[in-house]
Amino acid sequence: MADLMRALPGTAPMDWMAVSSYGSGTKSSGVVRILKDLDTDISGRHVLIVEDIIDSGLTLSWIKSNLESRKPASVEICTLLRKPDVVKVDIPVKYVGFDIPNEFVVGYGLDYDEKYRNLRCVGTLAPHVYA
Ligand SMILES: O=P(O)(O)OC[C@H]1O[C@H](OP(=O)(O)OP(=O)(O)O)[C@H](O)[C@@H]1O
Ligand code: HPA
């Protein structure tokens with residue numbers, strides 16, 4: 001997020017939402033839990049959702065519907081990574097950093113069971129770690 005902000009030409013208010021559907025596994029539970037909601041009232045505002053990864057797309061689809069119910073002026077999506085072969089729902093994504101194969105990746109903020117977020121690069125997690 002800090003890298004993205006440094007690359008933006010102007011300033012934009014930011015807020016954070018924390019949701020979880022993977023827990024300690026490598027497959028979405030399909031149930032999205034809000035761990036922390038926005039502090040900002042987004043009604044009438046233009047919103048850009050910034051995601052780290054779109055895998056099945058279920059999390060983002062749920063977040064988008066949730067935010068749209070708060071009557072923003074618009075909602076667009078930006079994601080660093082997307083797995084096009086796995087996405088189960090049709091979500092229009094305005095900005096995609098990289099389309100990647102169907103492999104579980106970690107690093108640069110992405111975790112497996114709360115581990116490896118601190119890696120400075122993104123890498124494929126060796127399957128024997130979670131198999
Ligand atoms: O497209 P999907 O299949 O829904 O997966 C993408 C979501 O999974 C990850 O969150 P996760 O639920 O693992 O929470 P975490 O960031 O706390 O690990 C990631 O940060 C995305 O929000
Ligand atoms: O490949 C992934 N890595 C880390 N977290 C994730 N959440 C969905 N897919 C992934």
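Positions are given from 1, in the same order as the sequence printed here. Only a predicted model underlies this, so the values are computations on that prediction, with no experimental measurement involved. Atoms within each ligand, like the ligands themselves, are counted from 1 in listed order.
Contact atoms of ligand 1 toward G57: 1 (O), 2 (P), 3 (O) (distance under 4.0 Å to a heavy atom of the residue). Near S56, with a cut-off below 4.0 Å to any heavy atom, the atoms of ligand 1 are 1 (O), 2 (P), 3 (O), 4 (O). Listed by number with element, the atoms of ligand 1 under 4.0 Å from a non-hydrogen atom of E51 are 20 (O), 21 (C), 22 (O). Close approach to S20 involves these atoms of ligand 1, each under 4.0 Å from a residue heavy atom: 12 (O), 14 (O). Every atom of ligand 1 with a heavy atom of V19 under 4.0 Å away is listed here by number and element: 14 (O). Atoms of ligand 2 lying under 4.0 Å from at least one heavy atom of D111, given by number and element, are 4 (C), 5 (N). Counting atoms of ligand 1 from 1 in the listed order, those under 4.0 Å from a heavy atom of I53 are 6 (C), 19 (C), 21 (C).
In this structure, atom 1 (O) of ligand 2 lies nearest to the protein heavy atom K83 NZ, 2.8 Å. In this structure, the protein non-hydrogen atom closest to atom 9 (N) of ligand 2 is D55 OD2, 2.7 Å. Closest to atom 12 (O) of ligand 1, if we only count protein heavy atoms, is S21 N, 2.7 Å. Closest to atom 10 (O) of ligand 1 among all protein heavy atoms lies Y22 CD1, 4.5 Å. The protein non-hydrogen atom at the shortest distance from atom 5 (N) of ligand 2 is F104 CZ, 3.6 Å. Of the protein's non-hydrogen atoms, R117 NH2, 3.7 Å is the one closest to atom 17 (O) of ligand 1.
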*Go through the steps for L35 and V19 under the test side-chain contact (heavy atoms from CB on, under 4.5 Å), then give the verdict.*
CA-CA 5 Å; L35 307 180; V19 300; 5.9 Å; no
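With hydrogens and angles disregarded, a donor-acceptor distance shorter than 3.5 Å links the side chain of S56 to the backbone of L58. In this structure, the side chain of N102 does not engage the main chain of V86 through any donor-acceptor pair within 3.5 Å. When atom types are taken as modelled, the side chain of K36 and the backbone of W16 share a donor-acceptor pair closer than 3.5 angstrom.
To the nearest 0.5 Å, the span separating CG on D55 from CG on L60 amounts to 11.5 Å. Atom CD1 of I53 is separated from atom CZ of F104 by 7.5 Å, given to the nearest 0.5 angstrom. Here the CD1-OG1 distance, from I54 to T59, works out to 9.5 Å after rounding to the nearest 0.5 Å. Annotation: the span from D99 atom CG to R82 atom CZ amounts to 4.0 Å, rounded to 0.5 Å. Rounding to the nearest 0.5 angstrom, the gap separating the CG atom in L48 from the OG atom in S74 is 9.0 Å.
The closest approach between a heavy atom of K88 and any atom of ligand 1 is not below 4.0 Å. By the 4.0 Å heavy-atom criterion, L60 is excluded from the residues contacting ligand 1.
The side chain of D52, and not its backbone, has at least one atom closer than 4.0 Å to an atom of ligand 1 (non-hydrogen atoms only; side chain from C-beta on). Under 4.0 Å from ligand 2, not a single heavy atom of V106 appears. Within the 4.0 Å heavy-atom criterion, both parts of V105, backbone and side chain, lie near ligand 2. Counting heavy atoms under 4.0 Å from ligand 1, residue K83 does not touch it at all. Counting heavy atoms closer than 4.0 Å to ligand 1, residue D111 contributes side-chain atoms (C-beta onward) but none from N, CA, C or O.
Where the criterion is an N or O separation shorter than 3.5 Å, residue side chain and backbone included, L110 fails it with respect to ligand 2. Of the N or O atoms in T59, one or more lie within a sub-3.5 Å distance of an N or O in ligand 1.
Judged by distance alone, the side chains of E51 and T79 never bring a donor and an acceptor atom under 3.5 Å apart. Side-chain N/O atoms of Y130 and D113 include no donor and acceptor closer than 3.5 Å.
Both V32 and V93 belong to a single network of hydrophobic side chains, linked directly or stepwise wherever heavy atoms of I, L, V, M, F, W or Y lie under 4.5 Å apart.
The two residues K64 and I77 come nearest to each other via the heavy atoms CD-CD1, 3.6 Å.
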